[in-house]
Amino acid sequence: MNIENVIELPAGEFDLEMTQKSGQTSQPPWHEVGGEFRELLMVRGRPCPVAVRQRGRVLEVRPYLRVNRNDLKKRIEYIFDLKFDLEDFYSFLDDMGLSESIESSRGLRLFLAKDPFECIISSIASQNCSVLRWTRSIMDIRRMWGPAFRVSSETFHGFPSPEVLAAVEEDSLEELQRAEDDLPEDFAFNNLRACGVGYRAPYIRETSRILAEEIDVNEVWGMDYHEALELLLELPGVGPKVADCILLYGFRKTEAFPVDVWVRRIMNYIYPERNFRDGELREFAWSRFGEMAGYVQLYLFNHARRSGLLEKLKGG
DNA sequence: GCCCAGGAGTCCG
DNA sequence: CGGACTCATGGG
């Protein structure tokens, strides 16, 4: 591999591995090979597989194809939110009396969506589902219907477009009926349920249809938080928590504060006198944490996951 | 076998 | 509005 093809990015305080494996619904973790994380990115509208490795406070980025260095640099800086000042955020957490969550999550950053549509489907697939399972579903969807790119004996799959996913059958029965008489010898099921998405299959297909025919997801970029929230809540399978995940991980609306069972338990543990109810919590976070709300949620959840606090709070 | 997973839709008072 | 019930399915 051509050594001058490697781009070195100052990453500051950053933990690539923890960020990759923190279960953010933007996308599954990238393919890990010997400490390197590999993924297919779109750089200025062109597909380009990339390998990323961390050495101390430097991120080494190795593109598989010729690509404009500055465009790729910006892309990586965006995806790992490298411009966000973590030290500033840590002193903010300190001021809020939440410094307990820093140590177990030091270096954790937003893992932003390389494809907002993939983030929307990931977030829908994640509802009432384990990280292990929804990430595998997304990988299955990519392998079955995503565009494939082969580079030096490696195959990368992008996520399918809304148009492609809208045309996929929901379950085996529907697929068989569509196929009718001409079943090939090596017939294998190619429907959404076969990806393990369960009852979320109709949500995924209908949301895909709406995004193919009625709404351009890119409109969200130009909207403010509340406007974008209302738009996303129109999509089937998207409720308050999933909408906030999409806004935070998919479009970097950092005022978003996704409230799930764990965050609710953690917040009620931290503020025992409040006894938050559904809905209150989001408004509280929004007014108290402002544009830091998303990062506060990220750190609270990750801390609880890693420190054993979640086990302690279970059932309470 | 049983319980749970980073919830949402629906119905019912 | 608030609460209860259901939804599919793989892993511990």
Side-chain angles (χ1 to χ4, degrees), chain A residues 18-29 101 104-105 108 110-113 118-141 169-175 189 191-207 210 229-250 256-269 275-283 285 293-316:
Chain A
M18 181 159 53
T19 299
Q20 283 278 343
K21 299 177 179 175
S22 54
Q24 300 179 47
T25 63
S26 48
Q27 63 204 296
S101 64
S104 57
S105 304
L108 177 64
L110 283 177
F111 186 25
L112 291 159
E118 179 178 56
C119 175
I120 291 172
I121 302 304
S122 295
S123 301
I124 290 174
S126 76
Q127 64 152 316
N128 201 22
C129 191
S130 67
V131 178
L132 187 65
R133 191 177 147 202
W134 73 253
T135 53
R136 197 166 48 207
S137 292
I138 296 304
M139 297 306 283
D140 286 348
I141 290 175
E169 280 82 21
E170 278 175 22
D171 53 41
S172 304
L173 182 60
E174 197 181 48
E175 189 180 356
F189 285 112
N191 58 74
L192 278 171
R193 290 254 169 125
C195 299
V197 298
Y199 66 90
R200 306 161 194 83
Y203 298 159
I204 291 173
R205 187 165 70 170
E206 178 63 6
T207 288
I210 293 173
L229 181 66
E230 286 197 24
L231 176 80
L232 292 174
L233 288 174
E234 296 295 315
L235 300 172
V238 177
K241 187 267 179 181
V242 166
D244 271 336
C245 280
I246 295 170
L247 290 170
L248 181 58
Y249 306 127
F257 189 82
V259 177
D260 56 52
V261 287
W262 297 112
V263 170
R264 186 156 39 244
R265 287 170 186 163
I266 295 163
M267 290 292 280
N268 280 321
Y269 168 76
N275 196 16
F276 294 108
R277 314 183 112 182
D278 294 5
E280 294 186 316
L281 206 40
R282 297 170 62 243
E283 290 308 314
Y295 263 93
V296 172
Q297 187 269 5
L298 183 62
Y299 269 65
L300 288 181
F301 181 78
N302 196 250
H303 169 65
R305 222 167 60 122
R306 297 170 60 91
S307 67
L309 180 59
L310 287 190
E311 292 307 312
K312 185 176 160 191
L313 296 180
K314 210 171 237 178

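Computed from a predicted structure; not experimentally measured. To find a chain, count down the sequence lines: A is the first, B the second, and so on, and within it residues start at 1.
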Check residues 239-248 of chain A and write down every donor-acceptor pair under 3.5 Å in which the side-chain atom is one partner and the other belongs to a residue at least two apart or another chain.
residue, atom, partner, partner atom, Å
Asp244(A), OD1, Tyr225(A), OH, 2.7
Asp244(A), OD2, Arg282(A), NE, 3.0

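- Across all strands, Ser22(A) comes closer than 4.0 Å to base atoms (heavy-atom distances).
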Exercise. Go through Ser26(A) and Gln24(A) one step at a time and tell me if the side chain to side chain donor-acceptor pair (under 3.5 Å) criterion holds.
Key: CA-CA 6 Å; Ser26(A) 48; Gln24(A) 300 179 47; 5.1 Å; no
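- Annotation: salt bridge (charged side-chain N to carboxylate O under 4.0 Å, His left out) contacts of Glu170(A) (sequence neighbours excluded): Arg205(A).
- Rounded to an integer number of Å, the gap from CD of Glu206(A) to P of dA8(B) is 17 Å.
- Comparing dG11(C) with dA8(B), their C1' atoms are spaced 23 Å from each other, to the whole Å.
- Sequence order on DNA chain B of the closest nucleotides to Leu298(A) and Pro236(A) puts Leu298(A) first from the 5' end.
- Regarding Arg265(A), its CZ atom lies at a distance of 13 Å from the C1' atom of dG7(B), rounded to whole Å.
- Along DNA chain B, the nucleotide nearest to Val242(A) and the one nearest to Cys129(A) differ in position, and the one closer to the 5' end is contacted by Cys129(A).
- The shortest side-chain heavy-atom distance between Met18(A) and Phe111(A) does not fall under the 4.5 Å cut-off.
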Practice problem: Could you run through nucleotides 5-12 of chain C and give me one letter per nucleotide, 5' to 3': B if any protein heavy atom sits under 4.0 Å from the base, S if only the sugar-phosphate is that close, - if neither? | Solution: --BBBSS-
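- Residue Gly23(A) is in base contact, counting any heavy-atom pair closer than 4.0 Å across all strands shown.
- Rounded to whole Å, atom P of dA5(B) lies 13 Å from atom CZ of Arg305(A).
- Of the P atoms belonging to dG10(C) and dG9(B), the separation is 23 Å, rounded to the nearest Å.
- Pro240(A) comes within 4.0 angstrom of sugar-phosphate atoms only, judged by non-hydrogen atoms across all strands, and of no base.
- Checked against salt bridge (charged side-chain N to carboxylate O under 4.0 Å, His left out), Glu169(A) has the following partners two or more places apart in sequence or in another chain: Arg178(A).
- Remark: Asn302(A) CG to Leu108(A) CG distance equals 5.0 Å, nearest 0.5 Å.
- Aromatic ring orientation, Tyr295(A) versus Tyr299(A): tilted (interplanar angle from 30° to 60°).
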Output one line per pair: protein atom, nucleotide atom from nucleotides 11-13 of chain B, and distance, for all N/O pairs under 3.5 Å.
none

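- A straight line from CG of Leu232(A) to P of dG7(B) spans 18 Å, rounded to a whole angstrom.
- Legend: residues meeting salt bridge (charged side-chain N to carboxylate O under 4.0 Å, His left out) with Glu234(A), ordered by chain and number and at least two apart, are absent.
- Here NE2 of His303(A) is found 8.0 Å from CD1 of Ile266(A). Values are rounded to the nearest 0.5 Å.
- For the pair Ile204(A) CD1 and dA8(B) P, the interatomic distance rounds to 14 Å; values are reported in whole Å.
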